[in-house]
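Throughout, protein chains are lettered first and strands after them, A, B, ... in sequence-line order, and every chain is numbered starting at 1.
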Amino acid sequence: MPQSQDNALVRDIANRDYEYGFTTDIETEIIPRGLSEDVVRLISQKKGEPQWLLDFRLKAYRHWLTMEQPKWGHVDLPPIDYQAISYYADPRGRKRKDGPQEIDPELQKTFDKLGIPLNERLALSGVAVDAVMDSVSVKTTFKEKLAEKGIIFCSISEAVKDHPDLVRQYLGSVVPYRDNFFAALNSAVFSDGSFVYIPKGVRCPMELSTYFRINAINTGQFERTLIVCDDGGYVSYLEGCTAPMRDENQLHAAIVEIVVCQDAEVKYSTVQNWYPGDREGRGGVYNLVTKRGLLKGDRSKLSWTQVETGSAITWKYPSCVLKGDGSTAEFYSVAVTNNHQQADTGTKMVHLGRNTRSTIVSKGISAGRSQNSYRGLVRVAPNAEGSRNYSSCDSLLLGDTCGAHTFPYIDVNNDSSVVEHEATTSKISEDQLLYCNQRGIPPEEAVALIVNGYAKEVLNKLPMEFAVEAQKLLSVSLEGSVG
Amino acid sequence: MLEIKNLHASVEGKEILKGIDLSIKPGEVHALMGPNGSGKSTLSNVLVGNPQYTVTQGSVTFRGKDLLQMPAEDRSHEGLFMSFQQPVEIPGVSMNNFMRAALNAKRKYLGQPPISGGDFLKLVKEKREMVGLDASLTRRGVNEGFSGGEKKRNEIFQMAMLEPLLTILDETDSGLDVDALRIVAEGFNRLRTENTSAICITHYQRMLDYIKPDIVHVMMDGRIVRTGGPDLAYRIEEQGFDWLKEE
Amino acid sequence: MLQGGSHPLIDRHRADALALLEARGLPTRKVERYKYTDVGAMLEPDFGLNLSRLPLRFDPRSLYRCKVPGLGSTLHYVAGDMVEAPLEEDLLFVGPMTEFARRRPDMFSAYYNKVEGDSLAALNTMLVQDGLVIWVGKGHRAADLIQVVNLAVGSVPMMANRRQLIIMEEGAEASILSCNHSSTAQPHLATEVVEAFLGEGSRLQYYNVEDAAESASLLSTANFIQQGTSHLEYAAVTLSGGISRRTVNVSLEGEGADVAMSGLVVADGIQHVDNNLLVTHRAPGCHSDMLYKYVLDGSSTEAFAGKVLVCQGAQQTDSQQTNANLCVSPQAHMYTQPMLEIYADDVKCNHGSTVGQLDDAALFYMAQRGVGPEEGRLLLQQAFAWDVVLRIGLQPLRQRLMRMVEERFRHGTSACGDCGMCGVRKI
């Protein structure tokens with residue numbers, strides 16, 4: 001393809017609009033900017049939290065003060081002014097009362113626009129939704145129906161009130177507040193998020209889903225998700241996210257903790273489409289997330305699947321601690337970066353139990369001036385005899401101004417385990433493009449087709465409803481990005 | 001030569017062999033037939049001492065010695081050879097080095113001095129020509145990049161090198177076309193003597209057209225359910241195994 | 001003191017090196033590239049330096065007689081950091097740095113200490129008194145293998161600061177074998193900096209064989225700068241030794257340059273080998289290929305990090321990197337980190353890394369043929385290691401190394417036979 005056309009195509013995608021970039025004009029209660037012990041106390045007070053949780057927050061905050069923002073990722077993360085951010089925004093307004101949740105029509109409209117069904121009658125069958133806007137959960141659907149099976153699905157704030165023992169037992173048990181800088185920050189100021197409890201032997205009959213939306217200006221979102229799947233239980237959980245277009249960077253520092261007990265199975269899927277910033281690299285969300293699952297029981301299973309297309313900067317490593325003997329963990333990831341986006345993402349597989357198995361499949365796609373890195377750790381402890389890991393990390397480059405990087409770390413500490421890692425980096429195949437063109441498929445469609453094929457192994461892991469959306473998202477993200 | 005009495009064996013805690021009795025005399029060829037999963041391959045693996053299989057009951061004597069007490073390599077030295085169904089590839093270990101190590105280990109076991117380099121190469125050439133194995137293959141790694149037919153021929157070559165007394169052909173016919181099968185079988189027949197015996201495991205009569213069995217056994221669900229002459233194999237070829245289930 | 005046995009062109013770099021060392025300090029384990037080797041602990045013992053250039057009390061030629069059949073090498077001894085008198089021809093110089101600096105000061109200044117190194121390289125630059133220069137003039141082919149024998153000497157713990165400066169002019173060809181041996185069981189530490197410049201179209205085979213005592217420590221940094229269409233074959237074989245930390249940086253600066261790197265580590269006991277490689281593709285159409293293999297026994301802790309960096313504009317890059325590791329003891333630890341950092345799109349890069357054990361199916365197959373587990377394991381380990389040795393282009397060395405590897409697995413020593421050196425490690 002001639003160079004001029006090539007450039008035109010690259011420009012084309014750069015000009016593409018972010019579909020979810022609208023803001024909602026809604027009365028929102030925002031506390032003043034800045035972070036201090038008083039702010040932490042204020043958040044806790046607003047949420048009517050018990051003393052033990054306030055103590056947890058304060059310990060985390062004091063520890064955070066002693067830490068420094070990490071520098072090791074292959075991202076250029078500008079210094080963040082933590083005093084310029086508001087740590088609590090409640091779109092339900094000042095008139096909020098206790099009692100049954102009456103959803104604001106404006107809010108309802110927002111989620112309608114995003115295609116998120118908050119009305120149970122209109123909902124996709126088989127998906128229960130917890131919708132979180134800014135700092136609070138605005139609505140959880142199908143709660144009652146799930147309760148019949150003993151399943152708890154609610155916002156974490158409600159869980160603190162209604163199921164304090166469960167929350168207290170598990171909160172911070174997988175990601176301690178000392179874990180890293182952003183985890184400490186989240187532990188101090190986390191606002192809302194979802195809580196899931198699957199009782200012994202129960203298979204959750206529908207997909208559970210949380211939808212995150214940052215709306216308010218100059219606010220950070222610090223959600224916290226906790227999933228506990230008891231012995232023999234099963235749940236599939238989906239997470240989606242968007243944000244309006246704003247010139248400033250917004251901070252999103254979440255924690256997801258998952259506990260998987262004996263013979264239980266959890267699938268966690270993410271389609272992350274935070275606002276990535278404009279084509280000059282202005283604005284966009286800093287997505288700095290700690291996600292970790294503890295495969296606590298024998299033969300437990302945990303599978304992470306992520307499709308990452310949004311955010312200006314992504315820094316996240318959904319991880320698995322394979323503690324139970326014979327436990328199995330998977331990480332499937334597609335990360336697309338374009339324009340000035342930067343992603344440093346991957347996973348950690350820590351094998352502690354015997355005969356544990358883990359699989360890593362990562363597909364990175366870089367375009368524009370973006371930087372896309374896979375970073376992953378596989379550690380096999382001395383006692384994790386007979387363990388296996390297989391990792392495959394592929395990178396696809398669209399254009400000569402972007403970067404694709406692979407940083408695996410492999411530590412093996414016994415002589416009965418097998419760890420295999422392989423990675424390839426290449427540009428999109430001209431032969432494939434020509435072949436498609438010859439059959440009459442225009443270049444931008446051909447790229448979408450090839451990229452989707454490239455990511456298929458991961459997309460196939462997503463639940464049906466999400467797979468279709470993710471596929472569309474990939475096509476839109478890279479429409480005709482190269483020739 | 002071989003006496004198997006009430007042999008029970010399991011793999012990963014699951015019992016596969018549920019009481020096998022079998023006696024093989026010098027010079028005899030026994031065919032072992034049976035549907036998939038009946039325990040034929042388990043029996044051969046147990047006989048050669050594959051550590052994945054556990055014997056739970058019974059005894060096996062080979063030329064008067066307790067076979068089950070010996071490690072796999074000593075069973076080999078005693079004259080037991082198995083032609084593997086799927087011979088493993090060992091990249092980087094050349095056939096020549098491997099065979100020389102095998103031959104010298106056996107000679108040591110028998111109290112003989114190691115073979116000289118010249119004699120070894122002479123022997124390789126002689127046996128290679130006998131079974132029609134390409135010279136370039138003995139310089140490659142063990143089975144490394146060999147085709148299915150070459151692997152099977154290589155098994156017969158190794159048999160020729162080691163001159164066993166009892167050979168187990170574990171589905172040597174699988175994955176071979178008619179010509180390759182004929183060449184392998186002819187190689188095997190050339191190596192037979194009146195003192196050597198064989199167990200031929202197969203699903204098909206066509207193998208037995210070349211390697212004429214004296215006795216045919218049918219295994220089902222971990223037991224030998226029928227023993228007969230060569231005509232039993234023909235009946236199975238025509239009618240399958242179902243009639244045996246009904247009886 | 002240092003300047004006594006040195007040359008002003010070497011001396012004039014010391015102050016800057018000291019400043020750099022003071023500014024950065026020695027690398028600690030918190031620095032990612034040094035995570036697995038405690039450099040501080042290596043430098044802790046009270047090592048002596050042969051500052052006043054005391055002559056050796058023995059003749060290395062009588063003690064170390066390298067008689068590898070067919071090697072046909074010229075031998076150059078470096079005892080501690082003492083270099084023998086030069087071998088000199090019209091287009092070839094192999095000899096002391098001080099001597100070379102006297103004769104060709106301009107050329108020496110143009111190449112000496114030109115590669116910016118880390119603080120360990122600076123430590124060497126600060127302390128080095130003399131080293132070895134290998135210069136091959138334009139279009140010249142050095143017919144004989146240049147064999148450099150590095151000996152650790154001394155009846156007290158000693159530190160030696162070794163240096164090699166290799167200048168390959170346009171179209172030059174040479175083969176260099178640098179061996180590390182101990183003639184003492186005393187703890188000794190060597191810092192080493194190799195700077196090699198490969199001119200347009202030049203070809204260099206550079207081999208390093210380490211067969212030293214457990215009391216030996218090595219901190220080595222090698223930098224290879226390659227111009228267009230130059231070819232480098234690099235191999236490092238560690239069969240025994242104490243603690244070895246090696247950094248090898250290859251910079252492909254001209255179009256069509258090519259590098260093949262091979263590494264073999266056979267480690268047991270408390271041996272520690274940490275290889276840290278960086279290949280930078282700065283020009284288009286270059287090719288790099290790395291194969292590193294480790295066999296870990298005993299309670300050895302080994303590390304490998306290999307990075308391929310493809311700069312913007314380095315199109316048509318073709319790069320492979322493989323690191324395979326065999327753990328044969330439950331106490332062995334392997335840390336491996338193959339990395340790709342790519343800023344160009346028309347590239348074909350891949351890497352693979354495995355940590356595993358011997359194949360049980362292969363062992364059983366061998367046992368069925370009468371090859372018992374002990375011999376079977378030996379054959380498999382040897383095959384695994386030979387894979388690297390077979391890449392060595394210099395045939396007599398390849399043959400010798402195959403034998404040494406077999407010896408190493410069979411008897412735990414890798415005595416190459418004809419000299420008094422190698423028995424030392426058993427002391």
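By the neighbour-count criterion of 12 heavy atoms within 6.0 Å, atom CZ of C/R246 is densely surrounded, having more than that number from other residues, nucleotides or ligands. Counting heavy-atom neighbours within 6.0 Å of C/I270 CD1, excluding the residue itself, gives a total of 12 or less.
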Full working for ring-ring contact (aromatic ring centres under 6.0 Å, His included) between A/H405 and C/Y343
CA-CA 8 Å; A/H405 319 299; C/Y343 300 92; 4.7 Å; yes
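Of the atoms belonging to A/Q371, it is side-chain heavy atoms, and not backbone ones, that fall under 4.5 Å from chain C. The parts of A/T401 that come within reach of chain C are both its backbone and its side chain, each placing non-hydrogen atoms under 4.5 angstrom from that chain. For C/E341, the parts lying under 4.5 angstrom from a heavy atom of chain A are both the backbone and the side chain. Residue contact with chain A, scored on non-hydrogen atoms closer than 4.5 Å, involves the side chain of C/Q315 exclusively. Contact annotation for C/V355: both backbone and side-chain heavy atoms come within less than 4.5 Å of a heavy atom of chain A.
Each of A/S392, A/S366, A/C402 has some count of heavy-atom pairs under 4.5 Å with chain C, and the biggest count is that of A/C402. Per-residue heavy-atom pair counts under 4.5 Å with chain C were compared for A/D394, A/V380, A/V412, and the maximum is reached by A/V412. Chain C forms more heavy-atom pairs under 4.5 Å with one residue of A/S373, A/S417, A/S395, A/G403 than with any other, namely A/S417. Ranked by heavy-atom pairs under 4.5 Å with chain C, the list A/V378, A/L377, A/I410 is led by A/I410. Of the listed residues (C/A305, C/P338, C/S319), the one with the most heavy-atom contacts under 4.5 Å to chain A is C/P338. Put simply, of C/T354, C/N350, C/L340, the one with the most heavy-atom pairs under 4.5 Å next to chain A is C/L340. When the candidates C/C327, C/S329, C/G313, C/A324 are compared by the number of heavy-atom contacts under 4.5 Å with chain A, C/S329 comes out ahead. The candidate with the highest count of non-hydrogen atom pairs below 4.5 Å against chain A, out of C/Q312, C/H351, C/Q321, is C/H351. Of all the listed residues (C/S353, C/G352, C/A303), the one sharing the greatest number of non-hydrogen pairs under 4.5 Å with chain A is C/S353.
Side chains of C/D274 and C/N276: no donor on one and acceptor on the other come within 3.5 Å. For the residue pair A/R375 / A/Y409, a side-chain donor-acceptor distance below 3.5 Å is found, with atom types taken as modelled. The closest side-chain donor-acceptor pair between A/T356 and A/S327, if any, does not fall under 3.5 angstrom. Under the 3.5 Å distance criterion, with hydrogens and angles disregarded, no donor-acceptor pair is assigned to the side chains of A/S370 and A/N338.
The aromatic rings of A/F182 and A/W315 sit perpendicular to each other, their planes meeting at more than 60°, with 30° as the lower class boundary. Ring orientation note: the planes of C/F304 and C/Y294 are nearly perpendicular, at an angle over 60° on the 30°/60° scale.
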